[in-house]
Structure formats: C-alpha cells, structure tokens
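Step one of this worksheet: look at the structure below.
Every number for a ligand or one of its atoms is a count from 1 in the order of the listing.
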Amino acid sequence: MQSERPLKVLILAAEIVPFAKVGGLADVVGALPKALQALGHDVRLVMPRYRQVDPNRFHLQPILEAVPVSMGNYQVQVSVCRGEIGDHIPVYMIDAPRYFDRENIYGYTDDGERFILLCRAALETVQALNWSPDVVHCNDWHTGIVPNWMQTIYRDNAFFANTASVYTIHNLAYHGIFGYRLLEVAGVATNGFLYPQIAEFGNVVDIMGRGILFADTVTTVSERYAQEILTPTFGEKLDHLLRSRRDRLFGILNGIDYQEINPATDGYIHTQFDAQSLERRIENKVALQEQMHVPVREDVPLLAMISRLTDQKGFDLLGQIIQPLLAQGIQFVLLGIGDQHYHEMFQSLAARYPEQVAIFLTFNTELARRIYAGSDMFLMPSRFEPCGTSQMNAMRYGCVPIVRQVGGLADTVQEYDPSSGDGNGFVFKNYDPWEFFAAVVRAMALYRFKDIWRTLQQRGMEADHSWNASAKRYVEVYRNAIEYHGTNA
Ligand code: GLC
C-alpha cells in the first residue's frame, strides 16, 4: 500500500544526546530516531556543531564545504560534517564558527540569528545531498521558523513540494521572542507581525507561535499537556492560537531509551540489578551515601532531585518543605545546574545540614544514574511539566516518584491506593507546599512497609516507557501530516 511506504524524516533540533544536552529535548531527539529506524524509516538529523562537540571523539566526517546560506540581505558560508547515532543514523552538523563555536549552547543576544542559520542551513544541506524528506520534524522554538518557511519562501521550491512539517512543543515557556529585524534575516518580513493570530503583540517576533501556526501538524510530549496548553493557565499566551489549531494538535508521550537506561546493564552504577533482584539495589544506596559523605543508613529514606534548576521545576515549593523533612531525619541529594539563586539556596542548605544533604551543581550522566539507582524517592513538584523524563528514569531504577499531577507527570505516575493496592508513586494536585509535604509524608509512611514498597518499585521497573509505542504514534502523525499537507497544497 502506497501509504505504508517507509518515510524519509528530517529531524531538526538544537540539542541531541550524546552530542549536546541542556534538557530533556536532547534525550528525546537522541532516542526517537532509533525507534523510528527500527520501524523501517529513513531518519536524518541536523544540529549545530557546537564547540563542545569534539570532532575526534564523535568521529565526525566532513561532507560539505562552503554551502551558501542566505540570511536576509547577507550570506553565510557553512560547512557540514556528519556524525551518527544508533545504527548509522546520520546527524548532519552545521559548522559555522562565528555562530556556534562558543562556550555555551544558548544565552546569546544573537540566538535568533543562530537558530535561523541552523534551520536554513539544514534545508540547504538536504538539497545539496539531494535527499528530499517526506517530513521535516521541528522541535521547540529554535526550529519553529521552518513551518513558516514551508508556507512562504520555500513554498514554490519543488524539492520540498511534498515535505510536510511537524512541529513538536517540548516546552511552551520558551517562545523565542525577537525584534523585527529577525523577520528580515529569515526572509519573511513581507507580512510583518502576525498579531492577533499569534501573540506577536508588542511588535515582537514569536517563533514558537509561528511554528504552531504554520505546521501541518503540531504535537506535544504528553496527552495531558496537549489538553493543558489549551487553557490560559498553561497556554503561555498561546492558548488562543493553540485552540484554533486543536484539530491539528496531538499529545504523544515521550519514551526513554530502554537500552541506555537499564539498571541490569548500566556500567555506571555500583551494582547492577533488575526487578527480580531488587535486594541487590541496596549496594547502590550505600555507594551513594558514601559519595554524599552522609551516614550510611539503610533505613533512612533518601530523597533525590535531578533537574535543571529553573522555576518550572518547583524548587520554591521544595524550599518551603525541605527543612521540616530534614527535621524528620531524611537524607537529600540534588544534581543539577541552573539559576543562580537556586544554586545559592542549595549551597546554604548543604552547609547547614552536611550530615543529611549533598548537592552536585553540575550536569553528569554517571552520577545521575547512581542517584536513580541508589535513592528511594524521586521528587518532581513541577509547576508545569510537558512530559518529564526523570520520573521515568527513576521508575526504571526502582526509585519511587513523588510528583505534581501535571502534564506528563500525571500521565505516568498514579497515586498508590491502599485499598486497591494500585498505583506506582505519590501525587499531589495543587501547587501548594502543604500538598507536596503530605505526599512525601505518605511516601515515607509506606516506605516502612517493605513488601508494599517493593511492589511499587517493581511496578515502576516493569512499566513500558520505551519508545516503541510512541514511535508508532509519531509515524501515524507523520502520515497524517503528509495527507494534510497534500490537501492543503
Ligand atoms: C522539556 C520539558 C520536559 C520534557 C522535555 C522533553 O525539557 O520541560 O517536560 O520532558 O522537554 O520533551
């Protein structure tokens, strides 16, 4: 059947594991392609060649030189090298030192230009390689201009005539807001601002909004978040636009990489284990307590957070309950990097409670795995959470999640119900310190009942959060977008 043919999918993203990662976006874009490939599709990726992407370590091969890329009224020459993920899935890296040979991935006044360049160079690259995609799958604001182009400057380009665009929102909080000049750089100034369709009031360009408006299909990373963002509370001023596109909006829960994230084979952790040999897990708790320089105590609940330190993640709620929890004797470990005021908050906490608290203000995959494997409970009191990956990682390692009932957290964690025995964690509803505190207290109470606790752990470990099911849904969405694109052409 014609519609069942394998698809050519071009995926664009600002971060991809293992090359560069700031948040969960990189995990998703590093894992989904492997699952798509396993279903028989031809997937290729494009990202910038940042300074931190070491050509030797990743065996990058130069493939294109001096590709001219138009940036409005000037041109930039880029070169392209090829890396790989999975089973020879190409990752084309745009090499443009003036834009990407920098200390960090984000946080520059010309971020708008930098990612316009990435997108334009991506489309030029596949043309130079004569590989015409069926779908261009864009992720977050960095690549949101592409659907806009597909309906403007690339509209009459025969090479992309059959290319449908899919735009995935990983985090609606980052819009990519810039001044008028960016429209000129992107070559789409003709229509000016798009208020009131998009929240481009105040005469600014909103790239996230443009992605949502122009894509053939819009997705986000959990079903619950797809509903939430239609409301003013979670819509980040784009709820109106999203409601107008609700028939083109789908929620697909992220998976995690079950090959990588696996306590039975993980080389980073002290002792490997699985759901049938949970008794071995304790070795990891001991090793973690040693690394934390806190007393090695099997019976003390060890609570963990691994997260970007931003307002989204609910650190102010944690700040309000952590001292009463410490007063009950718990231990707490934090791994993450982010906003300075949270660094300071945790530094002073660690200084006050050296026997109970250890903080690692960094990003470190090895340590993350040791924390998942060694701690008892995993906290995610997020204000909003499009999907969240850490709660799934934690469950896979037998660490029981305590989460707020939002977005992907609500879709993956269910409160333990003492009467039916169902559930895999602890959940609270409102963004409220008392509710959060109560959820932790319920968890600590159950923690004493080792058999039931073990059941909760096993349930988390045996749940299927692999990419298989979600990748199939993406394929459906891709086909659906292609059909929609065809009828709209
Ligand atoms: C963003 C969201 C997070 C999601 C991730 C991957 O980081 O905040 O909830 O899991 O993207 O989609």
Are any of the side-chain heavy atoms of [X] and [Y] separated by less than 4.5 Å?
X: Met377; Y: Tyr447; result: yes
X: Gln52; Y: Ile105; result: yes
X: Phe58; Y: Met93; result: no

Which atoms of ligand 1 sit under 4.0 Å from any heavy atom of [X]?
X: Asn171; answer: 8 (O)
X: Gly388; answer: 3 (C), 4 (C), 9 (O), 10 (O)
X: Val221; answer: 12 (O)
X: Arg308; answer: 7 (O), 8 (O)
X: Gln312; answer: 8 (O)
X: Leu25; answer: 5 (C), 6 (C), 11 (O)
X: Val28; answer: 6 (C), 12 (O)

How far apart are the closest heavy atoms of Val440 and Leu303, and which atoms are they? CG1-CD2, 3.8 Å

Report the nearest protein non-hydrogen atom to atom 3 (C) of ligand 1: residue, atom name, distance rounded to 0.1 Å.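 Residue, atom and distance for the closest contact: Glu385 OE2, 3.3 Å.
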
Give me the residue, atom name and distance of the protein heavy atom closest to atom 2 (C) of ligand 1. His170 O, 3.2 Å

Do any nitrogen or oxygen atoms of Cys387 come within less than 3.5 Å of a nitrogen or oxygen of ligand 1?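 Yes, there is a polar N/O contact under 3.5 Å.
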
Cation over ring face, Arg396 and Tyr258, 6.0 Å, 45°: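 Satisfied, under 6.0 Å and within 45°.
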
Has Arg473 got its NZ or CZ under 6.0 Å from the middle of the six-membered ring of Phe250, at an angle within 45 degrees of the ring axis?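 Ring-cation test returns no.
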
Measuring from non-hydrogen atoms of Gly23 to any atom of ligand 1, is the shortest distance under 4.0 Å?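 Outside the 4.0 Å threshold, so no.
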
Gly408: heavy atom below 4.0 Å from ligand 1, yes or no?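 Distance cut 4.0 Å: Gly408 fails for ligand 1.
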
Within reach of ligand 1, part of Asn254 (heavy-atom separation under 4.0 Å):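 It is the side chain that gets close, since no backbone atom is under 4.0 Å.
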
Looking only at the aromatic ring of each residue, does the gap between the centers of Tyr478 and His41 stay below 6.0 angstrom?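 No; Tyr478 has its ring centre 6.0 Å or more from that of His41.
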
Can Arg51 and Asp101 be said to form a salt bridge (Lys or Arg N to Asp or Glu O under 4.0 Å), step by step? CA-CA 5 Å; Arg51 180 184 296 173; Asp101 186 9; 2.8 Å; yes

Calculate, to the nearest 0.5 Å, the distance between atoms OG and CZ belonging to Ser375 and Arg281 respectively.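 Here the interatomic distance stands at 6.5 Å.
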
